J.: 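Please read through the structure below; I'll follow up with questions.
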Amino acid sequence: MNLFDVYPLFDITPVRGEGCYLYDDKGTRYLDLYGGHAVISIGHSHPHYIKAISEQLHKLGFYSNSVKIPQQNELAEKLGELSGYNDYSLFLCNSGAEANENALKLASFHNGRKKIIAFQKSFHGRTSLAVAATNDTSIQAPVNQTDDIIFLPLNDEEALHNAFKDGICAVIIEGIQGVGGVNIPTASFLLLLRSLCDKHGASLILDEVQSGYGRSGYFFAHQYAGIKADIISVAKGMGNGFPVGGILISPAFKAKHGLLGTTFGGNYLACAAGIAVLDVIKKEGLIDNAKELGEYFITQLQGINGIKEIRGMGLMIGIELNQPCAAVRSELLNKHKIFTGTSSNKNTLRILPPLVISKQEIDHFLEAFHSSQQAHS
Ligand SMILES: Cc1ncc(COP(=O)(O)O)c(C=O)c1O
């Protein structure tokens with residue numbers, strides 16, 4: 001049987017990882033500034049993470065959500081503590097799309113409405129509601145297309161005022177837009193969203209799948225604006241590669257048996273991975289590291305010619321060039337052995353390193369980037 005050919009692939013076969021590095025089958029070392037789509041938070045193959053998952057596997061790998069699983073409570077407690085959302089509840093699932101699907105469903109169950117406000121250049125995943133709220137018709141099948149989603153330009157306060165009315169069920173917005181090219185909602189836009197949601201009885205859903213878990217230098221990116229969301233979706237960095245996702249739910253939402261559900265969500269191994277990630281983030285001060293080194297990274301980039309714009313917060317950085325970034329990206333990979341990402345904005349290079357990155361590793365990138373910029377601009 002062949003694989004269904006939906007992914008464009010680099011001709012590279014990584015077989016091992018350590019910290020910020022990947023090693024391929026020929027022993028070549030690559031600096032990973034992309035973390036496999038922002039997934040690697042605490043670094044590849046962190047010893048504490050390996051130990052926690054292995055020990056759990058030796059005890060019990062799986063049972064369904066029909067029994068008590070204390071690891072779920074431990075994960076929820078630690079997540080509440082580190083994020084500051086102690087009074088919220090956690091529902092566990094397996095991916096970012098699933099988290100958003102559940103967030104949107106929950107909002108609709110809650111107020112009985114179905115109109116959703118989402119934003120241009122958004123990405124929320126590929127399941128039916130999540131992809132409907134994703135502003136990219138090329139990944140929506142006809143069955144996903146609906147009139148119930150209203151797309152507005154990000155940070156356009158006037159458009160938001162004009163579109164908001166009483167029938168709105170929810171607003172879904174990324175803490176920082178990732179796939180769309182690292183676009184940051186302004187603090188005043190987030191504050192306005194919060195007040196309009198309150199005024200019209202709509203739920204504010206913060207998609208922190210990519211920008212959450214410390215990447216922005218805050219546990220959740222939206223916290224920089226001092227607002228609270230009603231539902232927050234998480235995945236990616238939450239499991240450092242183990243598939244796990246979830247939603248944090250405000251106490252205003254009432255749980256009912258059977259309202260949401262999943263077979264695999266919150267399984268023992270996913271919880272072991274999720275707890276290990278939170279322990280390492282806390283113990284190694286990775287949120288502060290993301291903040292400090294993100295600032296260093298952005299400051300150093302400002303000295304390099306040929307950049308149109310740098311957008312970013314913490315270790316979520318978009319470097320917009322004056323031309324498509326494909327040539328620079330492949331030179332970084334093939335010549336300098338550095339993985340970077342791109343975005344739906346073809347000129348924007350997306351940098352999403354593990355949060356354990358050091359200054360030396362950033363300097364290594366800066367030198368390589370500087371030299372490939374000279375070659376291509
Ligand atoms: C902001 C955001 N939300 C949701 C998703 C979907 O996550 P997953 O691929 O785990 O379904 C992504 C994936 O890139 C994302 O960046």
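Remember, it's a predicted structure, so these values are computed and weren't measured experimentally.
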J.: Quick check on E309: does its CD atom have over 12 non-hydrogen neighbours (other residues, nucleotides or ligands) under 6.0 Å away?
T.: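 Counting neighbours around CD of E309, more than 12 heavy atoms of other residues, nucleotides or ligands fall under 6.0 Å, so yes.
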
J.: Is there side-chain contact between H124 and L104, with heavy atoms separated by less than 4.5 Å?
T.: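 In short, these two side chains do not touch, never coming nearer than 4.5 Å.
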
J.: Given side chains that start at C-beta, do those of K121 and L154 come closer than 4.5 Å, heavy atoms only?
T.: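 When only atoms from C-beta onward are counted, L154 and K121 do not touch, as no gap falls below 4.5 Å.
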
J.: Going through the checks in order, is the side chain to side chain contact (heavy atoms under 4.5 Å, CB included) test met by L259 and F253?
T.: CA-CA 11 Å; L259 191 70; F253 292 76; over 6 Å; no

J.: Given T137 and Q140, is the side-chain hydrogen bond (donor to acceptor under 3.5 Å, both in side chains) satisfied, shown in steps?
T.: CA-CA 5 Å; T137 48; Q140 292 168 343; 5.4 Å; no

J.: Go through L31 and K337 one step at a time and tell me if the side chain to side chain contact (heavy atoms under 4.5 Å, CB included) criterion holds.
T.: CA-CA 6 Å; L31 177 60; K337 312 296 177 204; over 6 Å; no

J.: When the aromatic ring centroids of Y34 and F339 are compared, is their separation below 6.0 Å?
T.: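 Here the rings of F339 and Y34 have centres that are no less than 6.0 Å from each other.
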
J.: Indicate whether the side chain of S358 and that of E361 have a donor and an acceptor atom separated by less than 3.5 Å.
T.: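 On atom types as modelled, these side chains qualify, holding a pair under 3.5 Å.
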
J.: Check whether the side chains of E98 and T127 place a donor and an acceptor atom closer than 3.5 Å, and report yes or no.
T.: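 Judged by distance alone, the side chains do not pair up.
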
J.: Would you kindly confirm whether F123 and V131 end up in one hydrophobic cluster when ILVMFWY residues are joined by side chain heavy atoms under 4.5 Å apart?
T.: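 In one cluster with F123: V131, yes.
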
J.: Go through H46 and E284 one step at a time and tell me if the side-chain hydrogen bond (donor to acceptor under 3.5 Å, both in side chains) criterion holds.
T.: CA-CA 12 Å; H46 193 290; E284 298 186 7; 2.8 Å; yes

J.: Are L75 and I69 connected in the hydrophobic side-chain network, where two residues link if heavy atoms are under 4.5 Å apart?
T.: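 No, L75 and I69 fall in different hydrophobic clusters.
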
J.: Taking all heavy atoms of H336 and all of H364, pick out the closest pair and write down the distance.
T.: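 That closest heavy-atom pairing would be O-NE2, 4.1 Å.
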
J.: Quick one: side-chain contact (heavy atoms from CB on, under 4.5 Å) partners of K68, sequence neighbours excluded?
T.: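 side-chain contact (heavy atoms from CB on, under 4.5 Å) list for K68, sorted by chain: empty.
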
J.: Does V179 share a hydrophobic cluster with F220, counting links as ILVMFWY side-chain heavy atoms below 4.5 Å and allowing steps through other members?
T.: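 Different clusters: V179 never reaches F220 through Ile, Leu, Val, Met, Phe, Trp or Tyr contacts under 4.5 Å.
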
J.: N86 versus E81: any side-chain heavy-atom pair under 4.5 Å?
T.: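 N86 vs E81: side chains touch.
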
J.: Mark yes when over 12 heavy atoms from residues, nucleotides or ligands other than H37 sit less than 6.0 Å from its NE2; otherwise mark no.
T.: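 Check fails, neighbour count at 12 or below.
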
J.: Applying side chain to side chain contact (heavy atoms under 4.5 Å, CB included), run through V182 and S343 and close with a yes or a no.
T.: CA-CA 8 Å; V182 189; S343 66; over 6 Å; no

J.: When you compare the side chain of I116 with that of D148, does any pair of heavy atoms fall below 4.5 Å?
T.: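 Heavy-atom side-chain distance check fails, nothing below 4.5 Å.
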
J.: If you compare all heavy atoms of L92 against all heavy atoms of T262, which two are closest, and at what distance to 0.1 Å?
T.: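 So the two residues come closest at O-CG2, 3.4 Å.
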
J.: Flag the pair R194 and D198 as a salt bridge only when some basic side-chain nitrogen lies within less than 4.0 angstrom of an acidic carboxylate oxygen.
T.: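 Looking at R194 and D198, the cut-off is met.
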
J.: Aromatic contact between F189 and F119, with the criterion being ring centroids under 6.0 Å apart: yes or no?
T.: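 Yes.
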
J.: What do you reckon, is CD of Q360 surrounded by more than 12 foreign heavy atoms closer than 6.0 Å?
T.: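 Atom CD in Q360 is not crowded, with 12 or fewer foreign heavy atoms closer than 6.0 Å.
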
J.: Looking at Y63, I'd like to know if its OH atom is crowded, meaning that more than 12 non-hydrogen atoms belonging to other residues, nucleotides or ligands lie closer than 6.0 Å.
T.: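 For Y63, atom OH is not crowded (no more than 12 foreign heavy atoms under 6.0 Å).
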
J.: Ring centres of F297 and F365 under 6.0 Å apart?
T.: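 Between F365 and F297, which both carry aromatic rings, the centre distance is below 6.0 Å.
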
J.: Do you reckon L269 sits in the same ILVMFWY cluster as I42, going by side-chain contacts under 4.5 Å, direct or chained?
T.: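 Looking at the clustering, I42 is in the same group as L269.
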
J.: Taking all non-hydrogen atoms of both residues into account, name the closest pair between C20 and I357 and its distance.
T.: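 Of all heavy-atom pairs spanning C20 and I357, the closest is SG-CA, 3.6 Å.
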
J.: Answer with yes or no whether the hydrophobic clustering places I231 together with I168; edges join I, L, V, M, F, W, Y residues whose side-chain heavy atoms lie under 4.5 Å apart.
T.: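 Not linked; separate clusters.
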
J.: Which heavy-atom pair separates L286 from L355 by the least distance, and what is that distance?
T.: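 Closest pair (atom of L286, atom of L355, distance): CD2-O, 3.7 Å.
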
J.: Taking K59 first and then E55, would you say they form a salt bridge - that is, a charged N and a carboxylate O separated by under 4.0 Å?
T.: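 Answer for the salt bridge query: no.
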
J.: Please report the C-alpha distance between Y213 and F219 in whole Å, then the side-chain angles of each, then the deciding distance to 0.1 Å, and finally whether the ring-ring contact (aromatic ring centres under 6.0 Å, His included) criterion is met.
T.: CA-CA 5 Å; Y213 263 75; F219 193 87; 4.9 Å; yes

J.: Apply the test side chain to side chain contact (heavy atoms under 4.5 Å, CB included) to residues I12 and L22: give CA-CA distance (whole Å), side-chain angles for both, the deciding distance (0.1 Å), then the verdict.
T.: CA-CA 10 Å; I12 290 171; L22 284 169; over 6 Å; no

J.: Do the non-hydrogen side-chain atoms of R215 and I176 ever get within less than 4.5 Å of each other?
T.: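 No - every pair of side-chain heavy atoms lies 4.5 Å or more apart.
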
J.: Should the pair E74-K78 be classified as a salt bridge under the 4.0 Å nitrogen-to-oxygen rule?
T.: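 Yes, this pair counts.
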
J.: Look at atom NZ of K228 and say whether more than 12 heavy atoms of other residues, nucleotides or ligands are closer to it than 6.0 Å.
T.: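 Yes, because the 6.0 Å sphere around NZ of K228 holds more than 12 heavy atoms from other groups.
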
J.: Is atom CG of D147 surrounded by more than 12 heavy atoms (other residues, nucleotides or ligands) closer than 6.0 Å?
T.: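 Not more than 12 within 6.0 Å, no.
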
J.: Should we say atom CD of E367 is surrounded by more than 12 heavy atoms from elsewhere, each under 6.0 Å from it?
T.: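 No, CD of E367 has 12 or fewer neighbouring heavy atoms, counting only those of other groups under 6.0 Å.
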
J.: Has R126 got more than 12 heavy atoms of other residues, nucleotides or ligands less than 6.0 Å from its CZ?
T.: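 12 or below, so no.
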
